[in-house]
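What follows is a set of notes on a single structure, which appears directly below.
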Amino acid sequence: MYQQEKIKPYGENEEKGQLVEKMFDNIAPSYDTLNHRLSWNIDKGWRRKAIKQLERFHPQVMLDVATGTGDFAILEARMLKPRKIIGADISEGMMAIGREKVAALHLDDTIEFKKEDSLDMSFDDETFDAVTAAFGIRNFQDLDKGLKEMCRVLKPGGHLSIVELTTPVSFPMKQLFRIYSHTFLPMYASMISKDKSAYKYLTATIEAFPQGEQMMEILQKAGFQKTSFQRLTFGICTLYLAEK
């Protein structure tokens, strides 16, 4: 078990998945605002780069895992023009906000939200041309199982695109990021979301999450091939691309 899979947002004696669902329901109203402010809106550019990885493959049926409030799915609909995107998440609170955004943008015919356990999804084998995930797989209770599920529902030759927060590996960004993530981030987040534990948890998962070459090995073990990664913004974010 990877270290981040032992980290829970709250101290209750419940499964990590249940606690993560509770956490995201709690912070759903402030989630979008915090994400953009805490990254100075750089997260929008990271998402665009991740989606551009898929442009040459022209996916028509897509799955966005840990979709949250649907920002990634909405951007995919605009940039890739697929026939269908399903946004899957464990938190109804997050998806309720996503449905409102999708309706306001008149993307209801393209984007559909479904409550799903990422470790045991209801979709048939080989359903999707592409699977994506932005800032969500750190929260999997079992990373190996979650990635194998993503591989299972992909068609042969389909692609996985992941954008995930990571810790910089070089001086001085490594040290500066640690100071920022342990002081300013949880303090500011608790002021806006009123849930200090949630953002302490998110910081801990970033530090514990496997990255770079280690993550590529994990993807290959889950059934993917032609894996690659690209560090962005001094290593604060990493993009992964893999093929089934």
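Just so you know, these numbers use all the heavy atoms, side chains as well, and skip hydrogens, waters and symmetry mates. This one's a predicted model, so the numbers in the text were calculated from it and none came from an experiment.
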**Report entry** Identified salt bridge (Lys or Arg N to Asp or Glu O under 4.0 Å) counterpart of Glu207 within the set Lys174, Arg178, Arg138
**Finding:** Arg178
Query - Qualifying residue, where the test is salt bridge (Lys or Arg N to Asp or Glu O under 4.0 Å) with Glu92 and the options are Arg99, Lys115, Lys114 - result: Arg99
Query raised in the report: What heavy-atom pair brings Cys237 and Val163 nearest, and what distance separates the two atoms?
Result: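 The pair with the smallest heavy-atom distance is SG-CG2, 3.3 Å.
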Rounded to the nearest 0.5 Å, how far apart are [atom1] of [X] and [atom2] of [Y]?
X	Y	atom1	atom2	value
Leu75	Asp64	CG	CG	10.5 Å
Trp46	Gln230	CH2	CD	12.5 Å
Asp117	Gln141	CG	CD	8.0 Å
Cys151	Gln225	SG	CD	9.0 Å

Quick one: are [X] and [Y] in side-chain contact, heavy atoms under 4.5 Å?
X	Y	result
Leu54	Met62	yes
Ser118	Ile137	no
Leu147	Lys221	no
Phe113	Thr67	yes

Quick one: does any side-chain atom of [X] pair with a main-chain N or O of [Y] as donor and acceptor, under 3.5 Å?
X	Y	value
Asp124	Thr127	no
Asp129	Gln60	yes
Thr233	Ile236	no
Tyr240	Gly212	yes
Gln220	Thr227	no

Report task. For atom NZ of Lys49, decide whether the heavy atoms of other residues, nucleotides or ligands shown that lie under 6.0 angstrom number more than 12. Result ->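 No, the 6.0 Å shell around NZ holds no more than 12 heavy atoms from other groups.
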Requested in this report: Give a yes or no on this: more than 12 heavy atoms of other residues, nucleotides or ligands lie within 6.0 Å of atom CG of Asp125.
Outcome: yes
**Report entry** Ring geometry between Phe128 and Phe123 (parallel below 30°, tilted from 30 to 60°, perpendicular above 60°)
**Finding:**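 Phe123 and Phe128: perpendicular rings.
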Is it true that the side chains of [X] and [Y] contain a donor and an acceptor less than 3.5 Å apart?
X	Y	result
Lys84	Thr110	no
Ser161	Gln53	yes
Glu116	Ser122	yes
Thr238	Glu164	no

Query raised in the report: If you measure from the Lys or Arg side-chain nitrogens to the Asp or Glu carboxylate oxygens, is any gap between Glu76 and Arg48 under 4.0 Å?
Result: no
Query raised in the report: Any Lys/Arg nitrogen of Lys148 or Asp144 sitting under 4.0 Å from an Asp/Glu carboxylate oxygen of the other?
Result: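 Result for this pair is no, no salt bridge flagged.
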Query raised in the report: Out of curiosity, does Val169 fall in the hydrophobic cluster containing Phe229 (side-chain heavy atoms, cut-off under 4.5 Å, transitive links)?
Result: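 No, it is not one cluster - the side chains of Phe229 and Val169 are not joined through contacts under 4.5 Å.
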Query raised in the report: Looking at Val131, Thr132, Leu63, which hits side chain to side chain contact (heavy atoms under 4.5 Å, CB included) with Leu160?
Result: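 With Leu160 as partner, Val131, Thr132, Leu63 yield a single side chain to side chain contact (heavy atoms under 4.5 Å, CB included), made by Val131.
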